[in-house]
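This report concerns only the one structure given below.
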Amino acid sequence: MKSIIVIDESEKNSENNLIDDNMKLIKNFRFQHIVDINMMRIVLTIWIAAAIVAILPIFRESYSEVEKRELKKFPKFSFSALVSGDYFDEIGLWFSDTFPLRDGFVSLNTKITNTFGINKVQVHGDISQGDEIPDITSSEQTTSTDSEQVDSITSEPTPESKPEPQPEPEPQLPAVEQLGAMLIVDNAAYEYYNFNQATASNYAATVNRAAAILEGKSKVYDMIIPTSMAITLPESYSGSTNSSDQKKAIDYMYSLISQNVSKIDVYSTLMAHKDEYIYFRTDHHWTSLGAYYAYRDLMMAKGAIPAELSAFKEYKFEGFLGSFYAESGQKPSLGNTPDYVMAYEPTQLQKIHTYTKTGEIDYSIVSDGNRLSAANKYLSFVCGDHPYGIMTNPEITDGSSCLVIKESFGNPLVPFLTQNYQTVYVVDYRYINQVFPGTLRQFVDERGIQDVMFINNVSATRSPALVNALSAFVGQ
């Protein structure tokens, strides 16, 4: 008897469905496997490309726009450095300091940090304890100039129309200026000042030596400019900061400086105008208005009549984000409210003849700040820091001359002096040895200079490197 096998169509369909499902699953596994392999290839390609970019020096920046400084250079090989291990340490520092897109990562980190809470008051950097400032007796206290008699100027002149921009050489990038710790209050930053007694004394001794060298030849003036921490920081915070007393420090240095030197009490003048726009909020420099008040003090000390602001052509450059903004890692509390730069150009002359290590060139006394980046608009003044420059006013023919020995704080001040001197010489003591191998005595003797003015911010007087550079130029 034959068996009859009856195939249930439902079972057959179930088996077929199972086979189809298995095939689909296998196909899905294969597709996912292919996707995973391709994703691995893409990721590996990106990582290899990033590694190549990160390793090769040609892709690395040499200058940080955010931090406004030269980045670390690849170390030169030496056997001693290799043996000590310093060579590989230096390579590590170079690798981290010049990593591609580093500025962007620094800014991103700051934005992420601030997303999780922004404090009204922030301290950026490590605060160093300054030396105790010695007390000075009344007999040591020097007599201030008559700067208090200068009439207050409470408003700036109405802006005139801007001239058509003209092609000119690009301003020199600023030299490295290492800032100390910063206090950020709302949308303004302030640099801590820490008194260094040995360096301050060396500064005073250097000015005294200059006066002795130039006795009978030139009149010597000294101006120590306070920073914004001492003038415009809100009073509610001034008593709680661990910052040395700038007024006391300046008085101490002036007490050490000879009576043969005319000392300019610009501290009192700036304090009288503290509610005006005399310091930047995002940068460690003063503004041209603050520099103008100091110029008036200088002229009063000299017995001359200072020019009014209306005697200058006025420019305004918006969107300045200076050194504080850069050093803070581009904090939004500073970046959201940029500064502006006011610049004043003499009507009688527009050029400063400049000596650089690569040659001589004429720059505009006021460069077009609209053509400069947000970080470099302070370069509008006399085209930044150069070893040596000359400005000559063709409308003054009495042979009068002055020499300004300065760092970057002097840049917005020197154009004002062209209204009282036929020739204004400007020396940046940090770079003068690049173009002039001699000393202050030789410089003055060769040019018959009548007035010599030391113009420095108080922070420079705590820097051994800067004071030593000044001392080297003054000579013995």
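Computed from heavy atoms alone, side chains included, the values below leave out hydrogens, waters and symmetry copies.
- Put simply, the side chain of L413 reaches to within 4.5 Å of the side chain of I455, judged on heavy atoms.
- Using cut-offs of 30° and 60° on the angle between ring planes, the pair H273 and Y293 is parallel.
- The nearest pair of heavy atoms linking A343 to F317 is CB-CE1, 4.2 Å.
- Between the side chains of D297 and T269, a donor-acceptor pair is found at a separation under 3.5 Å.
- Inter-residue side-chain proximity for P346 and I365 is flagged as met; some heavy-atom pair is nearer than 4.5 Å.
- Considering only heavy atoms from C-beta on, T392 stays 4.5 Å or farther from L349 through its side chain.
- Interatomic distance, CE of M271 versus CD1 of I231, reported as 4.0 Å (0.5 Å rounding).
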- Please step through side-chain contact (heavy atoms from CB on, under 4.5 Å) for the pair I257 and K263, ending with a clear verdict. CA-CA 8 Å; I257 293 177; K263 296 167 279 290; 4.0 Å; yes
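- Between E215 and K217 there is no salt bridge, since no side-chain N of the basic residue sits under 4.0 Å from a carboxylate O of the acidic one.
- Judged purely by atom type and a 3.5 angstrom limit, R281 uses its side chain to pair as donor or acceptor with the backbone of T337.
- Across every non-hydrogen atom of G319 and A374, the tightest pair is O-CB, 3.3 Å.
- Partner of L403 under the side chain to side chain contact (heavy atoms under 4.5 Å, CB included) criterion, chosen from D451, L440, V424, V220: L440.
- Just one residue in the list D222, N196, T461 forms a side chain to side chain donor-acceptor pair (under 3.5 Å) with Y203, and that residue is D222.
- To the nearest 0.5 Å, atom OG of residue S288 and atom NZ of residue K316 are 11.5 Å apart.
- Taking the six-membered ring for Trp, F409 and H285 have ring centres closer than 6.0 Å.
- Proximity of F454 to I224: side-chain heavy atoms (C-beta onward) are nowhere separated by under 4.5 Å.
- Here the CD1-CG distance, from I184 to N187, works out to 10.5 Å after rounding to the nearest 0.5 Å.
- Two rings, from Y378 and F381, have their centers less than 6.0 Å apart.
- Counted by atom type alone, Y267 and Q246 present zero donor-acceptor pairs between their side chains at under 3.5 Å.
- A distance of 6.0 Å or more separates the ring centres of Y344 and Y315.
- Residues D385 and R430 are in side-chain contact: their nearest non-hydrogen atoms beyond the backbone lie under 4.5 Å apart.
- Within the 4.5 Å cutoff, no side-chain heavy atoms of Y355 are placed close to those of F436.
- Here OH of Y190 is found 9.0 Å from CE of M229. Values are rounded to the nearest 0.5 Å.
- Checking R447 against S401 by side-chain atom types alone, no donor-acceptor pair falls below 3.5 Å.
- Within a 6.0 Å sphere centred on CD of Q348, heavy atoms belonging to other residues, nucleotides or ligands number more than 12.
- Within the 3.5 Å criterion, the main-chain N or O of P332 finds a donor-acceptor partner in the side chain of N336.
- Aromatic ring centres of F195 and Y252 lie closer together than 6.0 Å.
- Taking the ring centroids of Y388 and F443, they lie under the 6.0 Å cut-off.
- Annotation for L417 and C402: closest pair CD1-SG, 4.2 Å, computed over non-hydrogen atoms.
- Here the shortest heavy-atom pairing between M182 and Y192 reads C-CE1, 3.7 Å.
- Atom CD of E132 has 12 or fewer heavy atoms from other residues, nucleotides or ligands within 6.0 Å.
- Under the 3.5 Å distance criterion, with hydrogens and angles disregarded, no donor-acceptor pair is assigned to the side chains of T227 and N457.
- Using modelled atom types, one finds no donor on one side chain facing an acceptor on the other under 3.5 Å when comparing S258 with N208.
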- Message: Working note: F312 + Q419, criterion side-chain contact (heavy atoms from CB on, under 4.5 Å); need CA distance, chi angles, decisive distance, verdict.
- Response: CA-CA 9 Å; F312 300 85; Q419 305 305 288; 3.3 Å; yes
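- Taking all atoms of both residues into account, the shortest heavy-atom contact from G438 to Q442 is CA-OE1, 3.0 Å.
- Between V426 and M391 the shortest heavy-atom distance is CG2-CE, 4.1 Å.
- A side chain to side chain contact (heavy atoms under 4.5 Å, CB included) with V382 is found for one member of N411, T354, D428, V366 and no other, namely N411.
- A distance-only check finds a donor-acceptor pair linking the side chain of S218 to the backbone of I449 [under 3.5 Å].
- Put simply, CD1 on I250 and CG on D245 are 9.0 Å apart, with the number rounded to the nearest 0.5 Å.
- At least one side-chain heavy atom of F416 sits less than 4.5 Å from a side-chain heavy atom of L309.
- Results of the side chain to side chain contact (heavy atoms under 4.5 Å, CB included) test with L270 over T232, I278, D265 single out I278 as the only residue that passes.
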- Run the side-chain contact (heavy atoms from CB on, under 4.5 Å) check on L298 and K302 step by step: do they pass? CA-CA 6 Å; L298 270 171; K302 177 180 170 59; over 6 Å; no
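- Taking NE2 of H386 as the start and CD of Q434 as the end, the distance is 11.0 Å to the nearest 0.5 Å.
- The pair R441-D445 fails the salt-bridge criterion, with no side-chain N (NZ, NE, NH1 or NH2) lying under 4.0 Å from an Asp/Glu carboxylate O.
- Here the side chains of W286 and P226 are not in contact, with every heavy-atom distance at 4.5 Å or above.
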Solution key, residues 467-475 side-chain donor-acceptor pairs under 3.5 Å, sequence neighbours excluded:
unit_1	atom_1	unit_2	atom_2	d
N468	OD1	N202	ND2	3.4
N468	ND2	P464	O	3.0
S471	OG	R209	NH2	2.7

- Would you check, one step at a time, whether the test side-chain hydrogen bond (donor to acceptor under 3.5 Å, both in side chains) holds for S323 with D283? CA-CA 5 Å; S323 56; D283 189 77; 3.1 Å; yes
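- Ring geometry for Y292 versus Y295: interplanar angle of 30 to 60°, hence tilted.
- In summary, the side chains of D339 and Y277 do present a donor paired with an acceptor at a separation below 3.5 Å, with no hydrogens or angles considered.
- Checking side-chain atoms of E318 against main-chain N and O of Y340 turns up no donor-acceptor pair under 3.5 Å.
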- Message: Between M223 and M453, is the side-chain contact (heavy atoms from CB on, under 4.5 Å) condition met? List the steps.
- Response: CA-CA 8 Å; M223 177 188 293; M453 303 169 177; over 6 Å; no
